[in-house]
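Written below as structure tokens is the structure these notes are about.
Below, chain A is the first sequence line, B the second, and so on; all start at residue 1.
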2 protein chains.
Amino acid sequence: MALNEDLQLQALRLLQADPARSQRDLAKALGISVGRTNYCLRALLDRGWIKIQNFRNSRNKRAYLYLLTPQGIDAKARIAARFLQRKEAEYAALQAEIARLRAEVKADAET
Amino acid sequence: MALNEDLQLQALRLLQADPARSQRDLAKALGISVGRTNYCLRALLDRGWIKIQNFRNSRNKRAYLYLLTPQGIDAKARIAARFLQRKEAEYAALQAEIARLRAEVKADAET
DNA sequence: CTGTGTGCGTTCACTGTGTGAACGTAGGGT
DNA sequence: ACCCTACGTTCACACAGTGAACGCACACAG
């Protein structure tokens, strides 16, 4: 994950889709370690973007829910929009780079 | 620089364009520290992709040239081609991601 | 009512990577 | 003879990320 913000966005996405994920699950889905996942969740909590709720799951076992707060939903939308913008810029840049690369590869081949 | 290989490609590019660059210059152009640049150049040297040559520059001052060897030129072409392939894949992926993001941002806005 | 197993969040010693200030060297300028 | 500058090189340090280990809570079996 390039930026920390990207990581948080992914986390918010995953939690919005399924708040009952365990940190280990989340870690696997995010492609990072449990330690970092825990750290990331704590950051989301500190910002008030998620709240942690105990509940009993289907088998009456204690479990956690990581629920997005209204602020979390807002933040997610805001970050996603900025993320999109950045990706669009990357897209344009990549297009240019590919053109340049094609020329370079062609030039290399001709030598 | 994502992969180490990317860094080496950029270095080869810059050196091919101007073999008389100093390591500090190179570091700045690559966006990394002098230490890492030195390490990177050593790696290129070990692989036989560049050779280091002393010479006197215009003001009769001792200076270094980092010249691509024939193997270096080959390697650069090979890496560039692979790099292009990867970028094309990224381009396609990015396109898909942007579509998904647009939908997500739209959905967020409607809530 | 006790183990025992399982899955949870949490911690932290460790690792690996990158940094850039500091160093030795060599030449130019005064 | 002396500084000054620019070079490549080094290495103590910082920092982020890892994942094995831990304590805890609960379900379940004996």
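For the pair B:Asn54 CG and D:dG8 P, the computed distance is 10 Å after rounding to whole Å. Nucleotide C:dT19 holds its P atom 11 Å from the CG atom of B:Leu30, rounded to whole Å. The interatomic distance linking B:Asp25 (CG) with D:dA6 (P) rounds to 12 Å, in whole Å. In this structure, the NZ atom of B:Lys28 is 20 Å from the P atom of C:dG18, given to the nearest Å. At whole-Å resolution of the value, CG in A:Leu26 and C1' in C:dG9 are 12 Å apart. Atom CD1 of A:Ile52 and atom P of C:dC8 are 14 Å apart (whole Å). Computed from coordinates, the B:Ile50 CD1 to D:dG8 P distance equals 11 Å when rounded to whole Å. Regarding B:Arg21, its CZ atom lies at a distance of 17 Å from the P atom of D:dA6, rounded to whole Å.
Taking both residues in full, the closest heavy atoms of B:Phe83 and B:Arg13 are given as CE2-NH2, 4.0 Å, listed atom of the first, atom of the second, then distance. Nearest heavy-atom pair, B:Tyr66 versus B:Arg21, reported as atom, atom and distance to 0.1 Å: CE1-O, 3.5 Å. The two residues A:Lys87 and B:Ile98 have their closest heavy-atom pair at O-CD1, 3.7 Å. Contact between A:Asp108 and B:Ala77 at its shortest, heavy atoms only, is OD2-CA, 3.4 Å. Residue A:Thr69 comes nearest to A:Ile50 through the heavy atom pair CG2-C, 3.8 Å, listed as atom of the first residue, atom of the second, then distance. Contact record, A:Leu12 with A:Trp49: CD1-CE3, 4.1 Å, taken as the closest heavy-atom pair.
Across all strands shown, D:dG19 is found opposite C:dC12 as a Watson-Crick or G-U wobble partner, with both distances under 3.5 Å.
Across all strands, B:Tyr64 comes closer than 4.0 Å only to sugar-phosphate atoms, never to a base (heavy-atom distances).
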Check the interface with nucleotides 14-17 of chain D: list each N/O to N/O pair with the protein under 3.5 Å, or write none.
{"from": "D:dG17", "atom 1": "OP1", "to": "A:Arg36", "atom 2": "NH2", "distance (Å)": "3.0"}
{"from": "D:dG17", "atom 1": "OP2", "to": "A:Arg36", "atom 2": "NE", "distance (Å)": "3.4"}

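Donor-acceptor pairing under 3.5 Å, judged by distance alone, is absent between the side chain of A:Arg24 and the base of C:dG7.
Between C:dT10 and A:Gln23, a contact under 4.0 Å exists linking OP1 or OP2 to a side-chain N or O. The shortest distance between the side-chain N/O atoms of B:Tyr39 and the OP1/OP2 oxygens of D:dT10 is not below 4.0 Å. Contact between the side-chain N/O atoms of B:Asn38 and the OP1/OP2 oxygens of D:dT9 is found at a separation under 4.0 Å.
The side chain of B:Ser22 lies closest to D:dC7, out of C:dT11, D:dC7, D:dT10.
At a cut-off of 3.5 Å, with distance as the only test, no side-chain donor of B:Tyr64 or B:Gln23 sits close to an acceptor on the other residue.
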